[in-house]
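Just below is one structure, and these are the notes that go with it.
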Amino acid sequence: MLINPTTGVELEHSPASASVEEADAVIARAHEAFPAWRDVAPGERARLLRAFAAIVDAHVEELAQLEVLNAGHTIGNARWEAGNVRDCLNYYSAAPERLFGRQIPVAGGTDLTFHEPLGVVGIIVPWNFPMPIAAWGFAPALAAGNTVVLKPAELTPLTAIRIGELALEAGLPEGVLNVIPGKGSVVGERFVTHPLVRKVCFTGSTGVGKQIMRGCADQVKRVTLELGGKSANIIFADTDVAAAAASAPYAVFDNAGQDCCARSRILVQRSAYDEFVGRLETAVRAFKVIDPADEQSEMGPMVSSGQRDSVQRYLDEATVAFTGSAPDGPGWWLPPTVVESTDTSEPVWREEVFGPVVAVMPFDDEAEAVALANDSDYGLSGSIFTADVSRALRVARAVEAGNLSVNSHSSVRYWTPFGGYKQSGLGRELGPDAPNAFTEEKNVFIAH
């Protein structure tokens, strides 16, 4: 049963949850389709991916409206997310004709390397960004010549199902991109245990990622994990404090804080702390938390009542400094909330809340800022606000995170690598090298 998170009303269409037997049948279909897809000429595979991108582009508004309905995303965000699927497909459509090997100098002959596709790739997608994260996996995997079985999250399967239909309309052969809704404990687990699935890509919680990694070890199966985050937004006193405070809500409350890159810890140099917090309060109170279908909406509801209740439990144990607004009535609404933290052991400071909550703490100098930022099990993303370019580079090199922005909150571009340090994950997605992660590198020596 799917629920519209804006209204709390059941949606008319709820796809059936697949069984183990149905998962096996889909995996077998992908395996059968693999040899022919692998052998498609690079230029033809590129053409099919461009056709797929074009048909997604023609349906951006349909996909966006579906995401507003199913996930409660703001319409502006949902349009960007559907567009990101198109952009990833277009970007990786160049890869089939550029999947280069190398000629390595050796004595007595010629040595060549080749990148060859793995086979069937299983992609497990979370509910917070159903469209982009699916494309970050299937676009480079398909470009490299693999077939894909994709499991959307139980809460948000509708856009993935529609994208699978569009792939067939674009001309991708049957069995190349397969979407199979179901429980993680059933379908996702079968991706891990089935010997014909040669790689698993998982985005989600660190706890589940560890289980998947353990399961893949039994078959020495490749795995890419993009997991939790507790990213720091570091504000030095020499920056434009007003601009930093105005941008901070968008770095953590976007998608109702349901973002592993959310800058949910704000570290502010003590001499600028009072000014920053005062300006932050003004910005948070002005943040537009309204019906996500409204073009002016900046934040919608949480995805489910369970997720809202989970976040509320953190707030019940924290000292709230101030909040923004949220609609009354039905739906899974929670206002954007700011907590001033004094103890780094507080759960709201240490744990991934995954909701519209940010904790703020002062620091005295650069060394303390870096130490506080790194005092976390996670290392996915983060921001550094300073007018000093040398400091920006020093701090960026010192902070243990995979994706950092200076005077910005940008984390993800499809043409640059994305991934985390420590318990935020394993491997990298996106960027020019992503297709190689879906290949075996073969070395061939030819004696003269």
Side-chain angles (χ1 to χ4, degrees), residues 27-53 87-123 135-149 167 171-173 175-177 191 194-201 213 216-226 402 413-419 421 425-448:
I27 292 166
R29 185 160 64 244
H31 178 67
E32 291 166 6
F34 168 63
W37 180 247
R38 175 195 58 201
D39 294 339
V40 168
E44 175 63 9
R45 194 184 310 143
R47 186 195 67 78
L48 287 167
L49 291 175
R50 289 193 294 271
F52 190 4
D87 293 344
C88 283
L89 285 165
N90 273 326
Y91 181 71
Y92 289 110
S93 71
E97 295 166 291
R98 294 167 175 79
L99 204 63
F100 303 131
R102 294 181 295 175
Q103 184 270 314
I104 301 173
V106 295
T110 300
D111 198 87
L112 304 172
T113 66
F114 300 88
H115 286 283
E116 299 185 347
L118 300 171
V120 179
V121 174
I123 300 173
W136 300 352
F138 70 65
L142 294 173
N146 302 277
T147 55
V148 169
V149 287
L172 267 70
V176 170
L177 176 60
F191 289 1
H194 200 298
L196 292 181
V197 177
R198 300 293 302 277
K199 178 172 181 175
V200 174
C201 298
M213 192 173 179
C216 287
D218 287 341
Q219 296 174 28
V220 196
K221 183 176 298 189
R222 294 185 178 211
V223 61
T224 295
L225 303 173
E226 197 273 281
R413 298 174 185 83
Y414 57 82
W415 59 95
T416 60
F418 176 73
Y421 283 29
L426 186 69
R428 292 294 180 269
E429 298 177 299
L430 301 175
D433 299 325
N436 288 349
F438 294 96
T439 66
E440 295 280 9
E441 188 171 25
K442 178 177 286 183
N443 189 77
V444 176
F445 171 75
I446 305 171
H448 289 173

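Ion pair Arg29/Glu32 not flagged as a salt bridge, since none of the NZ, NE, NH1 or NH2 atoms sits closer than 4.0 Å to an Asp/Glu carboxylate oxygen.
No side-chain heavy atom of Phe191 sits less than 4.5 Å from a side-chain heavy atom of Val120. Looking at heavy atoms from C-beta onward, Val444 lies out of side-chain contact with Thr110 at the 4.5 angstrom threshold. Side-chain contact check for Cys201 versus Phe438: some heavy-atom pair is nearer than 4.5 Å. You'll find the side chain of Thr147 stays beyond 4.5 Å of the side chain of His31, heavy atoms only. In this structure, Val176 and Leu48 have side chains that are not in contact, with every pair of non-hydrogen atoms separated by 4.5 Å or more. Considering only heavy atoms from C-beta on, Phe138 comes within 4.5 Å of Leu89 through its side chain.
Atom CD of Glu429 is separated from atom CG of Leu225 by 9.5 Å, given to the nearest 0.5 angstrom. The distance from the CG atom of Leu430 to the OH atom of Tyr92 is 5.0 Å, given to the nearest 0.5 Å. To the nearest 0.5 Å, atoms CG (Leu112) and CZ (Arg102) are separated by 11.5 Å. With rounding to the nearest 0.5 Å, the separation of CZ in Arg413 from OH in Tyr91 is 12.5 Å.
Across Glu97 and Gly43, no two heavy atoms sit closer than the pair OE2-CA, 3.6 Å. Considering all non-hydrogen atoms of both residues, Pro96 and Ser93 come closest at CD-O, 3.3 Å. Tyr414 approaches Cys88 most closely through the heavy-atom pair CB-SG, 3.7 Å. Shown here for Pro140 and Ala135, the closest heavy-atom pair between the two residues is CD-O, 3.6 Å. When all heavy atoms of Gly137 and Ile123 are compared, the pair lying nearest together is C-CD1, 3.4 Å. The minimum heavy-atom distance linking Asn90 with Ala53 is given by the pair OD1-CB, 3.3 Å.
For the side chain to side chain donor-acceptor pair (under 3.5 Å) with Thr439, the qualifying choice from His115, Glu116, Lys199 is His115, the only one to do so.
When atom types are taken as modelled, the side chain of Asn146 and the backbone of Ala141 share a donor-acceptor pair closer than 3.5 angstrom. No donor-acceptor pair under 3.5 Å is formed between the side chain of Arg38 and the backbone N or O of Leu118. Counting only distance, with no hydrogens or angles, the side chain of Trp37 and the backbone of Arg45 share no donor-acceptor pair below 3.5 Å. Judged by distance alone, with hydrogens and angles left aside, the side-chain atoms of Lys221 form a donor-acceptor pair with the main-chain N or O of Val197 at under 3.5 Å. Of the possible polar contacts, none joining the Arg428 side chain to the Ala434 backbone as a donor-acceptor pair under 3.5 Å is found.
Surrounding NE2 of His194 are more than 12 heavy atoms belonging to other residues, nucleotides or ligands, all under 6.0 Å away.
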